[in-house]
Every structure is written in C-alpha cells, then in structure tokens.
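Order of appearance sets the numbers: ligands from 1, and atoms from 1 within every ligand. Residue numbers run from 1 in the order of the sequence given. The structure displayed is predicted, hence computed values, not measured ones.
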Amino acid sequence: MTRKLVLLISGRGSNLQSILRACQSGQIADTEIVCVISNRAGAPGLALAKQAGIPTEIIAHRNYASRADFDAALRRSIDAYHPDLVVLAGFMRQLTTPFVTHYLGRLVNIHPSLLPAFPGLHTHARALEQGVCWHGATVHYVTPELDAGPIIVQAAVPVFPDDDPARLAARVLEAEHQIYPRALAAILSGHCRLEADRVHWSAPFPVLANTVIHPQLESVS
Ligand code: GAR
C-alpha cells in the first residue's frame, strides 16, 4: 500500500524537493506526498509542489487569534489526508503540545545544527560565533520542547576559517538533502521508530560519502 506524507513548509522548499525526488526515484519506496501545507502564502516551495502536481494548502498563521487555533486548523487539514508521516521541511512555526502529542512518533523535523547545539534560529551565524569546528544537521522526532526530540540521524560538516553564514548554510543544506530522504525511508520501512522517548533501529543507516553521520552505520571498518 502506498504510504502518505504531508509536508509542512514555510519557504524555499529545497528539502521538499529532495524528498520529492526520493519518492519519485524509489529511494523512498511506495510513498506519495499527498499535500504540501505552508503557513506563508508566498513560500516558493508551494510553486515547486504545484509543478509536481501535489495538492497545496495555505494556512496562514496570521489569520488565527492564537497558536492553539492555528494548530487546530493545521491538524484538521493534515488529518483529512490520513498521512503515515508528517514532515516538517523548513516549517518555521513552534507547535503546541496538543498538536505535537497528537502526532507523536509520526512527526519529524530537520534542524540546521548538530542538536542539542544551537536550537532555534540563526544556527549558522551562531556556530561561527562560537568557533566550532563541526556543524551540521539533525533529523529528529518532534516533541513539545523546541528542537529537543529524540535524534534519528545527524550529519556533520566541517567549518572552515573563511566560512560565512551563507557558505556554511550551503554546506549544511547539502547534507540535509542527503540525510532527510534516507531518514524518512528508514521510518517508513519500519527500520526506525520511536518507542518510549527513544529511537530504535532494526536496520543500519546507509553510509554517506564526505559526511560524518549517525553511529548506526551500515559498515564500520
Ligand atoms: C533548512 O535549512 C531547514 O533545516 C531549516 O530551514 C531550512 C529550510 O530550507 N529548518 C529550520 O530551521 C527549522 N527550525 P528549505 O525550505 O530549502 O528546505
């Protein structure tokens, strides 16, 4: 049976694009993006979804009096599609506890840092300010505390002396596009799941060239 993804976005949509390609190529097998929802009408990712023939919805947070009202509307829209997984792909809104609890174990996010370092915004500039040697991206299950849910996979990239936030962001984004589709494939195939606050693996995560990733490697020499 075809598995269904609902993607939530706020902007550019490059992660959406990498996930879409993975669905089309079979890297994420038997899976369809059934809807892309944005909280911003002008999100460029919406055009990418439309071009691919994916239904889109705009649920503008500004139209709701409270976070709870916005999240309730979002939940109504999402649940109409009966998704197997709800995927935050550059979705820049904090979600309320009832919303997150409703989707626990079926709600995942990608964040542009090696969590728990640099939760929140402006991660690349903050990493440079701190002088870290490694930076990266994290795919995690979403729990009520912001950017603090159980970690599924991380990709680390080096930080170079002449980096600026844009250059570093581009390097991290490339890693995001590598790990997010693979993480989704692992979850959808049942190889990775959330059990009582911990991530359980029953199959190894694929090794990626040029990227230091998760301990669950396919082979360790
Ligand atoms: C990505 O770097 C993603 O990790 C980040 O927003 C960007 C979206 O890019 N997400 C967050 O910061 C969530 N807290 P995209 O629209 O091109 O996928």
So which of N109, L146, V100 actually passes side-chain contact (heavy atoms from CB on, under 4.5 Å) with L95?
V100
Verify, without hydrogens or angle tests, whether R67 (side chain) and Q94 (backbone) share a donor-acceptor contact under 3.5 angstrom.
yes
Evaluating non-hydrogen atoms only, which member of E176, H177, R93 is closest to atom 4 (O) of ligand 1?
E176
Just need the protein heavy atom nearest to atom 14 (N) of ligand 1, so name the residue and atom and give the distance.
H111 ND1, 3.4 Å
Check whether R198 reaches the backbone of L194 with its side chain - one donor and one acceptor, N or O, closer than 3.5 Å.
no
Should N15 be counted as touching ligand 1, given the test is an N or O pair under 3.5 Å?
yes
Among protein heavy atoms, which lies nearest atom 8 (C) of ligand 1, and at what distance?
G90 CA, 3.6 Å
Which residue supplies the protein heavy atom nearest to atom 16 (O) of ligand 1, what is that atom called, and how far is it?
G13 N, 2.7 Å
Residue, atom and distance of the protein heavy atom nearest atom 7 (C) of ligand 1 read R12 NH2, 4.1 Å
What pair of heavy atoms forms the shortest contact from L121 to R126, and how long is it?
O-NH1, 2.6 Å
Identify, for atom 15 (P) of ligand 1, the protein heavy atom at the shortest distance, and state residue, atom and that distance.
S14 N, 3.4 Å
Are there more than 12 heavy atoms of other residues, nucleotides or ligands under 6.0 Å from atom NE2 of H122?
no
Of the protein's non-hydrogen atoms, which lies at the shortest distance from atom 10 (N) of ligand 1, and what is that distance?
I110 O, 3.6 Å
Ignoring hydrogens and geometry, is there a side-chain-to-backbone donor-acceptor pair from D30 to T2 under 3.5 Å?
no
What donor-acceptor contacts under 3.5 angstrom involve side-chain atoms of residues 44-58, with partners at least two apart or in another chain?
| unit_1 | atom_1 | unit_2 | atom_2 | d |
| --- | --- | --- | --- | --- |
| E57 | OE1 | S77 | OG | 2.8 |
| E57 | OE2 | Y81 | OH | 3.0 |

With respect to F91, determine whether any N or O atom, backbone or side chain, lies less than 3.5 Å from an N or O atom of ligand 1.
no
Ignoring angles and geometry beyond distance, decide whether D147 reaches within less than 3.5 Å of ligand 1 through its nitrogen or oxygen atoms.
no
Closer than 3.5 angstrom, by distance alone: can the side chain of T138 be matched with the main-chain N or O of Q154 as a donor-acceptor pair?
no
of all protein heavy atoms, closest to atom 12 (O) of ligand 1 is P112 CD, 3.3 Å
